[in-house]
Each structure stands twice: as C-alpha cells, then as structure tokens.
2 protein chains.
Amino acid sequence: MRVGELSKRSGVPVPTIKYYLREGLLPAGVLTSPNQAHYDDEHLRRLRLVRALVDVGDLSIAAVRDVLAALDTRDDTLHKKLGLVQEAISQPGTGELDPLAVEDVLAFFRRQGEECADVTDSNVTHMLATALSAARSVGHDHFRELLDPYLEGLKIIAQADVDYIATRGSTDDIVEGMVVGTLIGDAVIKAVRRLAHAQVSRKVLSDGPED
Amino acid sequence: MRVGELSKRSGVPVPTIKYYLREGLLPAGVLTSPNQAHYDDEHLRRLRLVRALVDVGDLSIAAVRDVLAALDTRDDTLHKKLGLVQEAISQPGTGELDPLAVEDVLAFFRRQGEECADVTDSNVTHMLATALSAARSVGHDHFRELLDPYLEGLKIIAQADVDYIATRGSTDDIVEGMVVGTLIGDAVIKAVRRLAHAQVSRKVLSDGPED
DNA sequence: GACGAATGGATAGCGGTACTCTCCGCTATC
DNA sequence: GATAGCGGAGAGTACCGCTATCCATTCGTC
C-alpha cells in the first residue's frame, strides 16, 4: 500500500506519517520508483504502536524512538532487552529529590529484600523517589507507609501481567507485549483505581439521603 | 512574607509565582500598600500543592485551576466535592473509541455490579475505554481479561488509600488528601509496578548465568 | 531622607514539542 | 493527457509553560 492507504487504515493524517518517517519512528517504505514507495502490514502495525505509545503512554517522540530502537535490538538477551525497554518507557521526572524520600525508598528496598545494587540508579527508582519527595513537600510524609500495601496489590497485578505476556510466542512478541502491557496497563490501572475510589466513597459516605 | 521569601521557601522562581497569580492558581496576597502584598503559610502550602500537581500529577495549568476550584467549593456535600475533584484530576485522553472496547468496559461494569448510570459518561470511564481501544488497535484484544485481576489488586490499594485518607481531620483535608493521594499514588504505583515486573523478570528468566 | 534593591502589576517574548503546510518534480490511473 | 496522489525536504504554526522587560512605588538601611 502507499501512504494514503496507510493513513486511511490507521487514522493518522498523511503529513503526520511523513513526519514520523522523517523522525525515524517508521522505517521507510520500499521504493518502487524514485517517488513511489510501498508499505506493508508491518508498517501499519508499527504506526499503530507509535500512536498507542504517544496517545495512551504519553511518551514523547524522542522516547518513542528510544523504545522502538530497544525493540529492534537484535543481539541481546531477553532480559537485557526488557531492561532497556523498561528504562525507555520510564521517564524519570524533574523535581528535586528530598534526601528523606530517597531514604524512604532505600528502606523500602531493604524491607523487600531487593538487591539494590542494580536498581538504585535506574529511572524507576528515580520515579519513586520523585513521587515521595512531592508527597513530603505537600506535608504527606506518611505517604511512604502506603508502599507496602501498594506492593501487595501490585504483586497480584504484576502476576497477571506476567501470565498475560507468557501467552505470547516469540521473544519479540514478549518485549512488545511488555511495552504495550506496561503503558496501557498504567492507563487502565489509573482508571480502575479511580473507579474503586468512587465505589468506596459511595459506600462509606452515606452523608445526607438526597438533595 | 513577600514574594521573594515565598519563592525562597518553595523553590519556585518569582516570575513563575507571578504567572500563577495571574492564572488564578494562587490567591492574591493581602495588599498593605499599592505595591506591597503579604503572603502567608496558606499561600506557601497552595504553591507547593500546585507544583506537586504540575510536576508529579502532570496536570496542565488549566486542570490545576479546575482542581483548585473544586477544592475551594464551599457549599457541597463531601461526596459531590470528591466527585468534582475526581473529574478534574482525570483527563479523558484523545484517541478514537473502538465500540468493542466500550462494550468491554460495560461488560466489566456489569460483571462488577456497578450501577452504570452515573458513571458511564464520566472522564474515568472514558479513560478506561480509551486505553482498551488502544490495546485493541495494537492487536491486544485480550487485554480486557486483565481488568478483573487488576481490580482485585486495586481493591487492596484502594483500601489502603481510604485508610490513609481516613486519618485526616477536616473534610478539606480529606478532599486535598484525595487529590494528592490519587495523583502521587498514580506515580508511585507506576514505579512500584515496574519494580515488581523487573523482580519477576529476574526470577523467571534465568537465561544464561552471567555475561 | 537618600538610594539601591525589591515589589506589584502588566505586556511581550521565548523555547520546546508535535505536528502541519507548502512546494517541487515525478508517477500511477483513468 | 489530465488529474490526483506521491516522496522528500524545509519552513511555518499552535499551544503551553514559563521568562524577560518595563514601570512607578516602596522597603530596608545607612
């Protein structure tokens, strides 16, 4: 297919597709003439992935490029590849780090028996410390006490994630599934947590019959 | 205190504070002269809240304004106020809605015995449908099967959230705690989920001893 | 009470991001 | 052979969150 049909099938405007091509988010099509190129289903698939990362995953174009580069890495173990990808989909955040919050994180790791060595300087750790710093800055220094119950709930969720991913065939599918599952999972979790809050709020607060 | 000290204590540059004042994110200080205003701890607290919402909660300035407006509402039941605030901190997202994904959401509600009536057109429902649409568009139409295990894990988390909030005194503290807890909780959950993934990935994939 | 720094207030400008537009010569299709 | 679409490249746009500049006034302190 040519770019017009790629656009129609994906819902992405042609100029945007051209932009993604320029930015290296989509591989160039196969040239059949100096100004005719052919795109296949793989391009369509990749394009939809890019949109999902941008729209739902809220990744910047640069971050998407990193993710795709990690996905396309050929010569690494699965574990390394997963690590690469995870770094790429975990934006660190910009705020100041309160040393007390960093200590909270380390204490949490110790409590959970994490080998901290290879984790403490990752984006994920930074994310966590940033969030706890923000909590402290607005006077919620007891927020850290939620880490353990959160982990308890997230173990269930992570297990479901792993089971879901395990149904996939090739290692490429696994890595891509991890990207999609992590980012779309984030969005789903955000929404469902809010639903759970609303449900509880409705149950707990029977304040005033009606108005 | 005056603006300079407010800046020093919060770490926010003076021009930014002025900007927030203009945008209505901070109430004006009490004027003691035509060009001197006095700010108190309440301003400082509000400023830090704004920064947390912007930095960690990733809210736009407009969304922050909505949240603050909801927080400052005086004449509503707690339940209504919580609902208002929840809408304000739940950005809908922009993608197309796949009708099949919408059906997935409704089926989920039915399964969970939600009274859908007052929920189906909320931002949160839209968030969920957007995420599931994205999943479908990249070929993960079985992603919806994760909804139930996610809810199971999130019930634990939501319970912890409620317990945490319940320690607070005034209803104002409750509502503010809900904002902070929801947004910072989102960030924390994101991070901890990734840690859980990494942990599981390390456990499951003992592929190759070392390199 | 003089003087430099800081203040409140208003308007304009800046830097980054994600597109979007325009133009070109060429090509598929009718 | 007309017309629509194409690949490619550079410039332009819209929005967002600040940041810079200016002004008259006032604070701090000497």
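Side chains are part of it too, since the values below use all heavy atoms of this structure and drop only hydrogens, waters and symmetry mates. Residue numbers start from 1 in every chain, and the chains themselves are labelled A, B, ... in the order their sequence lines are given, proteins ahead of strands.
- Rounded to whole Å, atom P of D:dG17 lies 15 Å from atom CG of B:Leu26.
- Judged purely by distance below 3.5 Å, without hydrogens or angles, the side chains of B:Ser133 and B:Thr130 never pair a donor atom with an acceptor atom.
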Please tabulate, for side-chain N and O atoms in residues 90-100 of chain A, each donor-acceptor pair with protein atoms closer than 3.5 Å (sequence neighbours left out).
| residue | atom | partner | partner atom | Å |
| --- | --- | --- | --- | --- |
| A:Ser90 | OG | A:Gln86 | O | 2.6 |
| A:Ser90 | OG | B:Arg194 | NE | 2.9 |
| A:Asp98 | OD1 | A:Leu100 | N | 2.8 |

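- The separation between A:Met1 atom CE and D:dC6 atom C1' is 15 Å, rounded to whole Å.
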Expected list for residues 170-181 of chain A: side-chain donor-acceptor pairs under 3.5 angstrom, two or more places apart:
| residue | atom | partner | partner atom | Å |
| --- | --- | --- | --- | --- |
| A:Ser170 | OG | A:Asp172 | N | 3.4 |
| A:Ser170 | OG | A:Asp173 | N | 3.1 |
| A:Asp172 | OD1 | A:Lys81 | NZ | 3.3 |
| A:Asp172 | OD2 | A:Arg74 | NH2 | 3.1 |
| A:Glu176 | OE2 | A:Arg45 | NH2 | 2.8 |

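- Within 3.5 Å, no donor on the side chain of A:Arg2 pairs with an acceptor on the base of C:dT27, nor the reverse.
- Rounded to whole angstrom, the span from the CD atom of B:Glu5 across to the P atom of D:dG28 amounts to 11 Å.
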Below 3.5 Å, can you tabulate the donor-acceptor pairs from side chains in residues 147-156 of chain A to any protein atom, sequence neighbours excluded?
| residue | atom | partner | partner atom | Å |
| --- | --- | --- | --- | --- |
| A:Asp148 | OD1 | A:Arg111 | NE | 3.3 |
| A:Asp148 | OD1 | A:Gln112 | NE2 | 2.8 |
| A:Asp148 | OD2 | A:Arg111 | NE | 3.2 |
| A:Asp148 | OD2 | A:Arg111 | NH2 | 2.7 |
| A:Tyr150 | OH | A:Arg193 | NH2 | 3.2 |
| A:Tyr150 | OH | B:Asp161 | OD1 | 2.5 |

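- With rounding to whole Å, A:Glu23 atom CD is found 13 Å from D:dA9 atom P.
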Between N or O atoms, less than 3.5 Å apart, protein on one side and nucleotides 15-18 of chain C on the other: list the pairs.
| residue | atom | partner | partner atom | Å |
| --- | --- | --- | --- | --- |
| C:dA18 | OP2 | A:Ile61 | N | 3.3 |

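- Rounded to a whole Å, the NZ atom of A:Lys18 is 14 Å from the C1' atom of D:dA11.
- For A:Arg22 and D:dG10, a side-chain-to-base donor-acceptor distance below 3.5 Å is present, hydrogens and geometry of angles not being considered.
- For B:His43 and C:dG8, the NE2 to C1' distance is 13 Å, given to the nearest whole Å.
- Between the CG atom of A:Leu6 and the P atom of D:dC6 there is a distance of 10 Å, rounded to whole Å.
- By the side-chain contact (heavy atoms from CB on, under 4.5 Å) test, B:Leu84 pairs with B:Ala70, B:Thr73, B:Asp76, sequence neighbours left out.
- Screening residues 23-42 of chain A for ring-ring contact (aromatic ring centres under 6.0 Å, His included), with sequence neighbours left out, gives A:Tyr39-A:His43.
- Within residues 32-39 of chain B, the residues approaching DNA chain C are B:Asn35, B:Gln36, B:Ala37, B:Tyr39, by heavy-atom distance under 4.0 Å.
- Listed by chain and number, the residues in a salt bridge (Lys or Arg N to Asp or Glu O under 4.0 Å) with B:Arg136 are B:Asp104 (sequence neighbours excluded).
- Within the structure, salt bridge (Lys or Arg N to Asp or Glu O under 4.0 Å) contacts touching residues 8-34 of chain A (residues at least two apart or in different chains) are A:Glu5-A:Arg9, A:Arg9-A:Asp41, A:Glu23-A:Arg65.
- A close approach under 4.0 Å does not occur between any side-chain nitrogen or oxygen of B:Thr16 and OP1 or OP2 of D:dG17.
- Here the side chain of B:Ser33 pairs no donor or acceptor atom with the backbone of B:Asn35 at under 3.5 angstrom.
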Could you summarise the pairing of DNA chain C as dot-bracket text, marking Watson-Crick and G-U pairs under 3.5 Å with ( ) or [ ] inside the strand and | across strands?
||||||||||||||||||||||||||||||
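- Within the structure, ring-ring contact (aromatic ring centres under 6.0 Å, His included) pairs that include any residue of residues 154-199 of chain A comprise A:Tyr164-B:His140, A:Tyr164-B:Phe143 (at least two apart or interchain).
- What separates CG of B:Leu21 from P of C:dA10 is a distance of 11 Å, to the nearest Å.
- Here side chain to side chain donor-acceptor pair (under 3.5 Å) pairs that include residues 49-64 of chain A, with residues two or more places apart or in two chains, are A:Tyr20-A:Arg51.
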